[in-house]
Amino acid sequence: MPKYYLTTPIYYVNDVPHIGHFYTTVAADVLARYRRRRGDEVMFLTGTDENSQKNVEAAAKNGYAEIQPYLDMMSGRWRETWTALDISFDDFIRTTEDRHKKAVEKFWRAVEAKGDIYQGDYEGLYCAGCEAFVLESELVDGKCAIHKKEPNRLKEKNWFFRLSGYREKLLAHIDAHPEFIQPVGRRNEVRSYVDKFMSDVSISRESMKWGIPVPGDAKSVIYVWFDALINYLSGVGYGTDDAAFAKWWPADLHLVGKDIIKFHCALWPAMLLSAGLPLPRTVFAHGFFTVNGDKMSKSLGNVVDPKGVCATYGIDPVRYFLLREIGFGSDGDFSLARLAERYAGDLGNDLGNLLHRTLSMTEKYFAGKVPAPATGDTAAVWTAYEAAMDGLDFAAALDAAWGLMRDSNRLVDTEKPWVLAKTDTVRLANVMYTLLERLRQLSWLLEPFLPHIAPKIREQLGCAAAEQGKTWEQAKIWGGLPEGGTISKGEPLFPRLEEPKKA
RNA sequence: CGCGGGGUGGAGCAGCUGGAAGCUCGCGUGGCUCAUAACCACGAGGUCCUGGGUUCGAGUCCCAGCCCCGCAACCA
């Protein structure tokens, strides 16, 4: 059985999840569910990034005297959110866990042994108010924008990672493996960064107190990114479980937002090369979206809470919307008006109504029993769907499924079962079987996206138990719906919503 | 010259390696009645940002320019 290891970024716990985090996580969840159905053994890892100065500040702001209790509370909230939204993660890594610290220490030693860590001075502007280094470009009139104080020029001893030593190897890898960085626009962006701008980076801080101590230098803590990236290793046993690590690493896919592409496509692979570990097969960067046309930000007060939206529209419709509306890899807009349209149109009218009308006719003309199988061929739909999913083109995969739906609605119209019922019952049986069988197959194609709705479709088709034990390859064989099965029409899958929320 | 994305019918978007302009929604007309006021067909509607260039032929390639947006600054 092939293995498939995929990850989301680990999230900062200085705030609660918003719709953007949900987007990344849903995409990973869809893939995880898809790969499991395809028969892969899947490891889907997500988690929280806790060794950051930001978290320390957040703890203080929220009145916590100790940092760890705050982190425990917040990390718990993230985990609960994903659980409540039925994200099917297999493991949840926290960077304050012991297994992670062990992995980081082992990794540091490996890179150090390679001779890629050296000591140097880091000089920069330090704002006492922020307790952090600030950039020249962040200053307003030479003062910190937040604390209105002039920062001090400070010099501290830092450990540096010889990132520049991997420039040629990285370029060669990027060129030899077109699948390594996707989509292609991101690959070009990273390539030019690696080629022209990439320089050695400081990987420790003396001025920060919270973090994993540098092995052999207790006064310094490891820079948060150097620490955080290693979660992808510690989550599968690096430094703690050699057998598990050998099984899962390298990762098949890191899903990331476009903002952190350089960390994942330059720093991270260089770190791995240094430590003598294989590189992840693919890093895929998705886009960002605005909310109703505006940038999402706390100051604008338009940050969307995923639980809230899902409470109104349901988890499945929101999952569907995010991956259908916005091309994966492109930027887009999250609009409640569009969500309402997709809900009523694609889901209610095309899918829900197709199922409902088909079941009604089955009740009416065949007393609720599945008629004898008719011939049919949906191979092209599956082929298109699989190709799209393998390329992480979720919108195209859904298009393939919707094409079959639209064709089915058209079939009803052209065949007119209500006429056939009086003139040609053999043909009627063929039409009805075709519709029912297509719906059975659609339940499979839709399941990764609509994990709650798909089983309901099968229940209404009366084939839930029989389908449960099938493999993907068995499911796609035409004629899987057995003759004589009893359907059970239920409530509409996507009932009209009273008052669609205004955009 | 900080980095990047984009400008295609009313709205939102597809258009990969160049060869008769597509999709969804909305709108109009008609059809149907199995169905969640759902479904189906047809139709109206486009200087494919501008100006050059390459080519037998360019949304699709090259150059220049204009405009919008995201990142860079809590944030996928």
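Comparing B/rG4, B/rC39, B/rA76 against the side chain of A/E189 picks out B/rG4 as the nearest. The side chain of A/D350 lies closest to B/rC39, out of B/rG70, B/rC75, B/rC39. Nearest to the side chain of A/R357, among B/rC75, B/rU36, B/rC39, sits B/rC39. Listed candidates were B/rG70, B/rG12, B/rC34. Nearest to the side chain of A/K364 is B/rC34. Side-chain proximity of A/N349 to B/rU36, B/rA76, B/rC39: nearest is B/rC39. Among the nucleotides B/rC39, B/rA76, B/rU36, the one closest to any side-chain atom of A/T24 is B/rA76. In the set B/rU36, B/rC34, B/rA41, B/rA41 carries the atom at the smallest distance from any side-chain atom of A/R410.
At a threshold of 4.0 angstrom between heavy atoms, the contacts of A/K416 with the nucleic acid are absent. A/I260 comes within 4.0 angstrom of sugar-phosphate atoms only, judged by non-hydrogen atoms across all strands, and of no base. No contact: A/G345 has no heavy atom under 4.0 Å from any strand. Among the protein residues, A/Y193 comes within range of no part of the nucleic acid, since none of its heavy atoms lies under 4.0 Å from any strand. Counting non-hydrogen atoms under 4.0 angstrom, A/D15 reaches nothing in the nucleic acid. Residue A/P417 is classed as having no contact, given no heavy-atom separation below 4.0 Å to the nucleic acid. Residue A/F494 is in base contact, counting any heavy-atom pair closer than 4.0 Å across all strands shown. A/G20 comes within 4.0 angstrom of a nucleotide base, judged by non-hydrogen atoms across all strands. Across all strands shown, A/R324 has no heavy atoms under 4.0 Å from either base or sugar-phosphate atoms. Note on A/R186: only backbone sugar-phosphate atoms sit closer than 4.0 angstrom, heavy atoms only; bases stay farther off.
Phosphate contact (OP1/OP2 of B/rA35, side-chain N/O of A/H356, threshold under 4.0 Å): absent. Remark: A/R496 is not in phosphate contact with B/rA37, judged by side-chain N or O atoms under 4.0 Å from OP1 or OP2.
Ionic pairing of A/R440 and A/E437 is present here: one or more N-O contacts between side-chain nitrogen and carboxylate oxygen are shorter than 4.0 angstrom. A salt bridge links A/E447 to A/R458: at least one charged side-chain nitrogen sits closer than 4.0 Å to a carboxylate oxygen. Salt-bridge check for A/D407 with A/R410: passed, with a basic side-chain N closer than 4.0 Å to an acidic carboxylate O. We find that A/D390 and A/R35 are joined by a salt bridge, their nearest charged nitrogen and carboxylate oxygen being less than 4.0 Å apart. Ionic pairing of A/R186 and A/E189 is present here: one or more N-O contacts between side-chain nitrogen and carboxylate oxygen are shorter than 4.0 angstrom.
A 3.5 Å limit on both hydrogen-bonding distances identifies no Watson-Crick or G-U partner for B/rA21. With a 3.5 Å ceiling on both atom-pair distances, B/rA37 lacks any Watson-Crick or G-U wobble partner. Here B/rC27 sits opposite B/rG43 as a Watson-Crick or G-U wobble pair (both hydrogen-bonding atom distances under 3.5 Å). Taking a pair to require two hydrogen-bonding distances under 3.5 Å in either a Watson-Crick or a G-U wobble arrangement, B/rG2 pairs with B/rC71.
In this structure, A/R342 fails the cation-pi test against A/F321, since its NZ or CZ atom is not both closer than 6.0 Å to the six-membered ring centre and inside 45 degrees of the ring normal.
B/rG53 sits 29 Å from B/rG15 when the P atoms are compared, rounded to a whole Å. Comparing B/rC63 with B/rG6, their P atoms sit 15 Å apart, to the nearest whole Å. One C1' atom belongs to B/rA20, the other to B/rG57, and the distance between them is 12 Å to the nearest Å. On the C1' atoms, B/rA11 is 13 Å away from B/rG45, given to the nearest whole Å. Look at the P atom in both B/rA14 and B/rG9: the space between them is 13 Å, to the nearest Å. B/rA44 and B/rA21 have their P atoms separated by 16 Å, with the value rounded to a whole Å.
With its glycosidic angle within 90° of 0, B/rG59 is assigned syn.
Using modelled atom types and a 3.5 Å distance limit, the side chains of A/H254 and A/W268 yield a donor-acceptor pair.
Annotation for A/Q68: atom CD counts as buried by contact number, over 12 foreign heavy atoms lying within 6.0 Å. Shown here is A/K456, whose NZ atom has no more than 12 heavy atoms of other residues, nucleotides or ligands within 6.0 Å. Within 6.0 Å of CZ on A/R33 lie more than 12 heavy atoms contributed by other residues, nucleotides or ligands.
Within 3.5 Å, a donor on the side chain of A/N353 pairs with an acceptor on the base of B/rA35, or the reverse. In terms of polar N and O atoms assigned as donor or acceptor, the side chain of A/D413 comes within less than 3.5 Å of the base of B/rG31 in a complementary pairing.
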Filtered N/O pairs between nucleotides 28-30 of chain B and protein, under 3.5 Å:
none

Report each atom pair, protein N/O against N/O of nucleotides 42-45 of chain B, whose distance is under 3.5 angstrom.
none

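Residues meeting the side chain to side chain contact (heavy atoms under 4.5 Å, CB included) test with A/E415, sequence neighbours left out: A/L411, A/L420, A/R427, A/V431.
Both A/D259 and A/K489 sit near RNA chain B, but only A/K489 has its closest nucleotide nearer the 5' end. Residue order along RNA chain B, read from the 5' end via each residue's closest nucleotide, puts A/T358 first among A/Y23 and A/T358.
B/rA35 atom C1' lies 17 Å from atom CD of A/E415, rounded to whole Å.
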